[in-house]
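Report on the structure given below.
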Amino acid sequence: MLKIWGRTNSVNVQKVLWCCDELALPYERIDAGMQFGRNKEPAYLSMNPNGQIPTIEDGDFVLWESNSIMRYLAMQYGASGSLYPQAPKARASVDRWLDWSLSTLQPADKPVFWGMVRTPVEQRDMAALQAAADAAGKLWLIVDAHLEGRSFLEGEAFSLADIVLGAFCRRFIGMDGLRKPATPQLQRWYESLQERPAFQRHIAPALS
Ligand SMILES: N[C@@H](CCC(=O)N[C@@H](CS)C(=O)NCC(=O)O)C(=O)O
């Protein structure tokens, strides 16, 4: 059975778990990272020299980088579905959101998430956090505009792009205490994601 290494409060692990559920793919998950350790041990480093989570083992095939893992799972176990479409333009359109999440969105999300969720209240620099939230908000306005007239990020079919951005959006829309721009299309899309059992199971739980 597919093995997934990583703690459930990591957004990059959550994306992979959500993907597995959309594919109805059974897996065994092993806690690793932060308080669980394991990811700096030699056995883990031999699978993933970055010492980061997630890592998967599918038989003797080992893979790290969450977006690459999702692409692999969708190709291997869901090739006929919409998660990772085969037509070049449709696939490239999904890919750009996956790349954008790594290059642009996650770096903007990280200071807000760590500051608001993993920093004690009395140590929070709220002015800096609001500035970081404003920078992230500008990115979400791009997504909001793109969603106009679309049910999902790439049209009428749910894809890996919705998983990746949906997991990060939970941290943006679902986080109180900071001012955010109005994003009506994003809100409408996010509400549709909240109806999905995999979202409720892996993404909705409290941020930690
Ligand atoms: N680009 C990598 C990033 C992996 C990453 O940053 N993982 C974090 C958790 S989200 C990690 O391993 N943190 C160290 C730890 O949990 O001990 C991916 O998408 O898989």
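Throughout, residue positions are numbered sequentially from 1 according to the sequence presented.
A distance of 6.0 Å or more separates the ring centres of Phe152 and Trp189.
A donor-acceptor pair is defined here as one N or O able to donate and one able to accept, closer than 3.5 Å; no such pair exists between the side chain of Asn39 and the backbone of Ile53. Not a single donor-acceptor pair under 3.5 Å links the side chain of Thr183 to the backbone N or O of Leu186. In this structure, Asn50 contributes its side chain and Gln52 its backbone to no donor-acceptor pair below 3.5 Å. Asn67 contributes a side-chain N or O that, together with a main-chain N or O of Leu98, makes up a donor-acceptor pair within less than 3.5 Å. Using modelled atom types, one side-chain atom of Arg38 and one backbone atom of Asp31 make a donor-acceptor pair closer than 3.5 Å. Counting only distance, with no hydrogens or angles, the side chain of Thr104 and the backbone of Ser101 share no donor-acceptor pair below 3.5 Å. Side chain of Asp144 to backbone of Gln185: a donor-acceptor contact under 3.5 angstrom is found. Looking only at distances, no side-chain donor or acceptor of Lys3 sits under 3.5 Å from a matching main-chain atom of Ile30. Judged by distance alone, with hydrogens and angles left aside, the side-chain atoms of Asn48 form no donor-acceptor pair with the main-chain N or O of Leu45 at under 3.5 Å.
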Is there a side chain to side chain donor-acceptor pair (under 3.5 Å) between Asp134 and Gln130 once you walk through the steps? CA-CA 6 Å; Asp134 291 344; Gln130 184 60 56; 2.8 Å; yes

Please lay out, stage by stage, how Tyr27 and Asp58 fare under the test side chain to side chain donor-acceptor pair (under 3.5 Å). CA-CA 9 Å; Tyr27 59 83; Asp58 193 16; over 6 Å; no

Go through it in stages, so that I can follow the logic: the residues are Thr55 and Tyr44, the test is side chain to side chain donor-acceptor pair (under 3.5 Å), and I'd like the CA-CA distance, side-chain angles, deciding distance and then a yes or no. CA-CA 9 Å; Thr55 301; Tyr44 189 90; 2.7 Å; yes

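Smallest separation of non-hydrogen atoms from Leu160 and Cys19: CD2-SG, 3.9 Å. The two residues Gln14 and Thr8 make their nearest non-hydrogen contact at NE2-O, 3.0 Å. The two residues Gln106 and Val11 come nearest to each other via the heavy atoms NE2-CG1, 4.3 Å.
The ring-ring contact (aromatic ring centres under 6.0 Å, His included) pairs that include a residue from residues 102-140 are Trp140-Phe172, where partners are two or more places apart or lie in different chains. Note on residues 104-118: pairs passing salt bridge (Lys or Arg N to Asp or Glu O under 4.0 Å), not counting sequence neighbours, are Asp109-Arg171.
With contacts defined as side-chain heavy-atom distances shorter than 4.5 Å, the pair Trp18/Met70 does not qualify. Contact check for Val143 versus Trp100: side-chain heavy atoms found under the 4.5 Å cut-off. Residues His202 and Lys15 are not in side-chain contact: their nearest non-hydrogen atoms beyond the backbone lie 4.5 Å or more apart. Counting heavy atoms from C-beta outward, Met47 and Glu57 have side chains that approach closer than 4.5 Å. Side-chain contact between Phe199 and Arg170 is present, with at least one heavy-atom pair separated by less than 4.5 Å. Taking the side chain as every heavy atom from C-beta outward, Trp5 and Ile56 never approach each other to under 4.5 Å.
In this structure, Arg71 pairs ionically with Asp95, as a charged nitrogen and a carboxylate oxygen lie closer than 4.0 Å. Using a cutoff of 4.0 Å between basic side-chain nitrogens and carboxylate oxygens, Glu156 and Arg150 are not scored as salt-bridged.
Applying the side chain to side chain contact (heavy atoms under 4.5 Å, CB included) test to Glu65 and every residue at least two apart in sequence or in another chain returns Ser68, Leu102.
There is a path of hydrophobic side-chain contacts, each under 4.5 Å, that joins Leu207 to Leu178.
Partner Glu154 forms a salt bridge (charged side-chain N to carboxylate O under 4.0 Å, His left out) with one of Arg96, Arg91, Lys89 and no other, that one being Arg96.
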